[in-house]
Amino acid sequence: MLDGKRILLIVSGGIAAYKTPELVRRLRERGATVRCVLTRAGSQFVTPLSLSAVSEDKVYDDLFSLTVESEMGHIQLSRDADLLLVAPATANILAKMAAGIADDLATTALLATDKRVMVAPAMNVRMWEHAATQANLATLEGRGIERIGPVEGDMACGEWGFGRMSDVPDIVAAVDSFFGRGRRLAGRRALVTSGPTHEAIDPVRYLANRSSGKQGHAIAAALARLGAETTLVTGPTHEPEPPSVTVVRVESARDMRRACDKALPADIAVCAAAVADWRVAEPAGAKIKKGKGSASPTLTLVENPDILATLAASGNRRPRLVVGFAAETDDVVANAIAKRVAKGCDWIVANDVSPAVGTFGGDANTVHLIAMANGEVEVEDWPRLSKQAVAERLADRIADTLGAVS
Ligand code: CTP
């Protein structure tokens, strides 16, 4: 977490500026205070109003510097921060920084600061490759300025190549590392299950559920960002594969159990998959036909293996920390407390999956973390957070508990 850290976010004029409200939200969800400086060009891509709304502070732009200078000088603005983050950093602002030009509030704050600076460059691939940009970056890096990205990908201009601003979670991870919250799970192995399972009825039909895999995938990504060697065993989903994670795709609960067994030993297991509780006892080998006058088929179901309970009871192969999820629609916390005991896991993350809450398939989650502390059940109520923020908070908690292998 970034509790109490003060970040001055300088937004310069690139198309990637549209991602900055999300960046502000994510940094704030982690406990940081974010104050924004918007350049004139930046305000063409993101409005002061939206940055002000997400930062819950006024946005500092040139108009401000001319009229309210006495209230908050540009020197104070940069001194009051623990870190200055320039995102997106255009070729132009990097050039000004390298040359020491201070012709607006953003560049003046950057020249006046005695604090550390990080830049997340974003520009067209040709501008990125230009000798002038590369020389400017070398100068800035020589002065101790840290660079985040850019990454390769599609550009707003239709070209492909290096120059795209790093994704928001990667910028947040870089800020974490800056504050010493980086690769705290290095040397640890993690196993995460995610998504639904599909249980065959016949070769073309299956039983499934509404799980999107968003939460499980986000947890795998967050553990990997903290340095854990992470295997994600996932049922069928449309979620992109998280970077630096070994992804094993499975269909059914039984496949998932086998894949999890293969992924052991692990230090951490997080079971976020919505595993089908039952499967069809004898799936038909050929497509079941309607047939005139024939009775509707009856499906006989048998119980699937419980992967979480199996992992929690795997003797000397048991991961040190086994975390389950409890999808509940009523008495969320009470049911989850009972489920933690029944499954034998260490922690359980209880979430309300009533249709009205929109957890399944949605981007946000309201959860309660249930753990044992000194023999007592401890329930932490987390605020409503994005699934990514839930993942990061959980990964942080895991790192607090296990730490890196020294
Ligand atoms: N789980 C599992 N294997 C199963 C069923 C569930 O690993 N066959 C895991 C889930 O990944 C989750 C936890 O068990 O971490 C609880 O899942 P949930 O669906 O809430 O509970 P169930 O065990 O299915 O119980 P019920 O549906 O009766 O509430």
Side-chain angles (χ1 to χ4, degrees), residues 190-200 206-220 223 230-237 239 248-264 266 268-281 301-314 317-319 321-355 357 359-361 365-372 379 387 390-391 394-395 397-398:
L191 162 64
V192 180
T193 69
S194 182
T197 60
H198 286 184
E199 309 298 332
Y206 54 81
L207 299 175
N209 60 63
R210 294 184 196 281
S211 166
S212 63
K214 279 195 179 110
Q215 186 64 81
H217 280 56
I219 292 167
L223 290 169
T230 306
T231 301
L232 172 66
V233 178
T234 177
T237 76
E239 283 299 293
V248 182
R249 294 184 171 278
V250 297
E251 289 268 330
S252 68
R254 287 195 294 177
D255 296 342
M256 187 173 271
R257 193 192 61 73
R258 274 190 290 271
C260 287
D261 192 56
K262 271 199 192 144
L264 294 180
I268 304 148
V270 181
C271 293
V275 184
D277 288 325
W278 299 281
R279 67 177 182 276
V280 176
L301 302 180
V302 290
E303 206 168 320
N304 264 328
D306 190 313
I307 297 161
L308 174 62
T310 309
L311 283 168
S314 47
R317 280 159 50 90
R318 184 192 196 275
L321 188 66
V322 178
V323 184
F325 269 71
E328 306 292 342
T329 52
D330 310 284
D331 295 330
V332 176
V333 170
N335 278 332
I337 289 175
K339 205 170 266 182
R340 192 195 73 80
V341 177
K343 305 260 182 176
C345 58
D346 302 296
W347 298 354
I348 203 151
V349 182
N351 59 346
D352 189 340
V353 292
S354 320
V357 179
T359 300
F360 265 169
N365 212 349
T366 305
V367 308
H368 314 268
L369 178 69
I370 293 157
M372 290 297 285
V379 181
K387 287 184 176 172
V390 167
L394 185 65
R397 288 296 311 268
I398 292 172

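Just so you know, ligand 1 is whichever comes first in the structure, and atom 1 is the first atom listed for that ligand. Any value given below was found using the heavy atoms of this structure, including those in side chains, with hydrogens, waters and symmetry copies removed. These numbers come from a predicted model, not from an experiment. Position 1 is the first residue of the sequence; numbering continues from there.
Scanning for side-chain hydrogen bond (donor to acceptor under 3.5 Å, both in side chains) contacts around N304 gives E199, R279, with sequence neighbours left out. Partners of N335 under the side-chain contact (heavy atoms from CB on, under 4.5 Å) rule, at least two apart in sequence or in another chain, are E328, D331. Contacts of S252 classified as side-chain hydrogen bond (donor to acceptor under 3.5 Å, both in side chains), with partners at least two apart in sequence or in another chain: D255.
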Ligand 1 polar-atom proximity to protein (N/O, under 3.5 Å):
unit_1, atom_1, unit_2, atom_2, d
ligand 1, 3 (N), I307, N, 3.0
ligand 1, 7 (O), I307, N, 3.3
ligand 1, 7 (O), L308, N, 2.8
ligand 1, 8 (N), P305, O, 2.9
ligand 1, 11 (O), C271, O, 3.4
ligand 1, 11 (O), A273, O, 2.6
ligand 1, 14 (O), K343, NZ, 3.0
ligand 1, 15 (O), C271, O, 2.6
ligand 1, 15 (O), F325, N, 2.8
ligand 1, 15 (O), F325, O, 3.2
ligand 1, 20 (O), A327, N, 2.9
ligand 1, 20 (O), K339, NZ, 2.6
ligand 1, 21 (O), K339, NZ, 2.9
ligand 1, 23 (O), K343, NZ, 2.4
ligand 1, 24 (O), D277, OD1, 2.8
ligand 1, 24 (O), D277, OD2, 3.1
ligand 1, 27 (O), D277, OD2, 3.2
ligand 1, 29 (O), K339, NZ, 2.8

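With rounding to the nearest 0.5 angstrom, the CG atom of D261 is 9.0 Å from the OG1 atom of T310. Note that the CD1 atom of I348 and the CD1 atom of I337 stand 10.0 Å from one another [nearest 0.5 Å].
Residues L207 and W278 form no side-chain contact, since every pair of their non-hydrogen atoms from C-beta on lies 4.5 Å or further apart.
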